[in-house]
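Here is the structure we will look at.
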Amino acid sequence: PRTPHPAMARLMDKYRRELRPKMQERFGISNLHAVPRLEKIVVSMGVGRARENKKVLESVAKDLALVTGQKPLITLAKGAEASFKIRQGDAIGCKVTLRGKRMYEFLDRLIAVVIPRIKDFRGLNPKAFDGRGNYSLGLSEQYVFPEVQVDKVEFQQGMNVALCISGGDDDQSRELLRMFGMPLRQEK
């Protein structure tokens, strides 16, 4: 076998060499472009407390940039919500969309480093698919990432990680994530 391209992420190379051919064979897909693939990963943090204290959003955005290696986009409220005292246009969170090499490197760290650091972990929910092949998981705090130093965190905040997978089929996406090494619980 050829040596991997130096600029290529480990999981990207694994997908192209091993997983894509296995997926083609397993699901009988003849067209190479029809094989499910990871398109993007969106990491987001909703910060409702940012309305009262602007430092919360700045701190959380800094942690998100540290975790993903990319500057986060500040998200604004699309509409007013009186029960939460939010006006249209208020800054209420931040998000990062990862693609390409950075996306595969983040997934690799998520599977190999972050998920094993979660307390009382018994496997990810195998049913957290949206019906179109995309998978979402929530992390209760940013401390599970080794880049975030616990003593320097000003505000504890959870985050949502959405894995957007082409193909539109939950079963094929579930199998792809298992092949990547995602620790999904066995379905009962």
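All values reported here derive from a predicted model rather than from experimental measurement.
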Indicate if V43 and V113 have the same hydrophobic cluster label, given that clusters are the connected sets of ILVMFWY residues with side-chain heavy-atom separations under 4.5 angstrom. no

CG (N134) and OG (S166) are apart, to the nearest 0.5 Å, by 9.5 Å

Between N160 and S44 (side chain of the first, backbone of the second, donor and acceptor by atom type, cut-off under 3.5 Å), is there such a pair? no

Flag, side chain of R185 to backbone of G123, donor-acceptor distance under 3.5 Å: yes

Atom CZ of residue position R117 - does it have more than 12 heavy atoms of other residues, nucleotides or ligands inside 6.0 Å? yes

Any link between L177 and I118 through a network of hydrophobic side chains (Ile, Leu, Val, Met, Phe, Trp, Tyr) touching at under 4.5 Å? yes

Do M45 and L73 land in one hydrophobic cluster if side-chain heavy atoms of ILVMFWY residues count as linked below 4.5 Å? no

Is there a side chain to side chain contact (heavy atoms under 4.5 Å, CB included) between Y104 and D13? Walk through the geometry before answering. CA-CA 9 Å; Y104 281 103; D13 188 52; over 6 Å; no

With hydrophobic residues grouped by side-chain heavy-atom distances under 4.5 Å, do F27 and L38 end up in a single group? yes

For the residue pair P72 and V96, what are the closest heavy atoms and their distance? CA-CG2, 3.5 Å

Just to verify, which of L184, L176, V161 counts as forming a side-chain contact (heavy atoms from CB on, under 4.5 Å) with Y135? L184

To the nearest 0.5 Å, tell me how far M23 CE sits from R37 CZ. 12.0 Å

Is it true that, when you exclude K40 itself, more than 12 heavy atoms of the residues, nucleotides or ligands shown sit nearer than 6.0 Å to its NZ? no

For the pair R109 and E105, find out whether any cationic side-chain nitrogen is under 4.0 Å from an anionic carboxylate oxygen. no

What are the two closest non-hydrogen atoms of I111 and G181, and how far apart are they? CG2-O, 3.3 Å

Starting at CZ of R132, measure out to SG of C164 and round the result to the nearest 0.5 Å. 10.5 Å

Min side-chain heavy-atom separation F180-L110 under 4.5 Å: no

Applying the 4.5 Å side-chain criterion to the ILVMFWY set and letting contacts propagate, would V114 and L107 be lumped into a single cluster? yes

Under 3.5 Å: donor-acceptor pair, side chain of Q70, backbone of L98: no

Is any NZ, NE, NH1 or NH2 atom of the basic residue among R174 and D171 found under 4.0 Å from an Asp or Glu carboxylate oxygen of the other? yes

Mark yes or no for whether T75, through its side chain, and G93, through its backbone, hold a donor-acceptor pair below 3.5 Å. yes

Rounded to the nearest 0.5 Å, the CG atom of L163 sits from the CE atom of M182 at a distance of 4.5 Å

Here the gap from E147 atom CD to T68 atom OG1, rounded to the nearest 0.5 Å, amounts to 9.0 Å

On a heavy-atom basis, which atom in Q24 and which in N31 lie closest, and how many Å separate them? NE2-C, 4.2 Å

Any Lys/Arg nitrogen of R99 or E39 sitting under 4.0 Å from an Asp/Glu carboxylate oxygen of the other? no

If you look at every heavy atom in C94 and V60, which pair is closest and at what distance? SG-CG1, 4.0 Å

Tell me whether D108 contacts the main-chain N or O of L11 through its side chain, where contact means a donor paired with an acceptor under 3.5 Å. no

Show the nearest heavy-atom pair for residues P21 and Y15, with the distance to one decimal. CD-O, 4.2 Å

Rounded to the nearest 0.5 Å, what separates atom OG1 in T97 from atom CD1 in I41? 10.5 Å

Backbone of I165 reached by a side-chain donor or acceptor of S173 within 3.5 Å: no

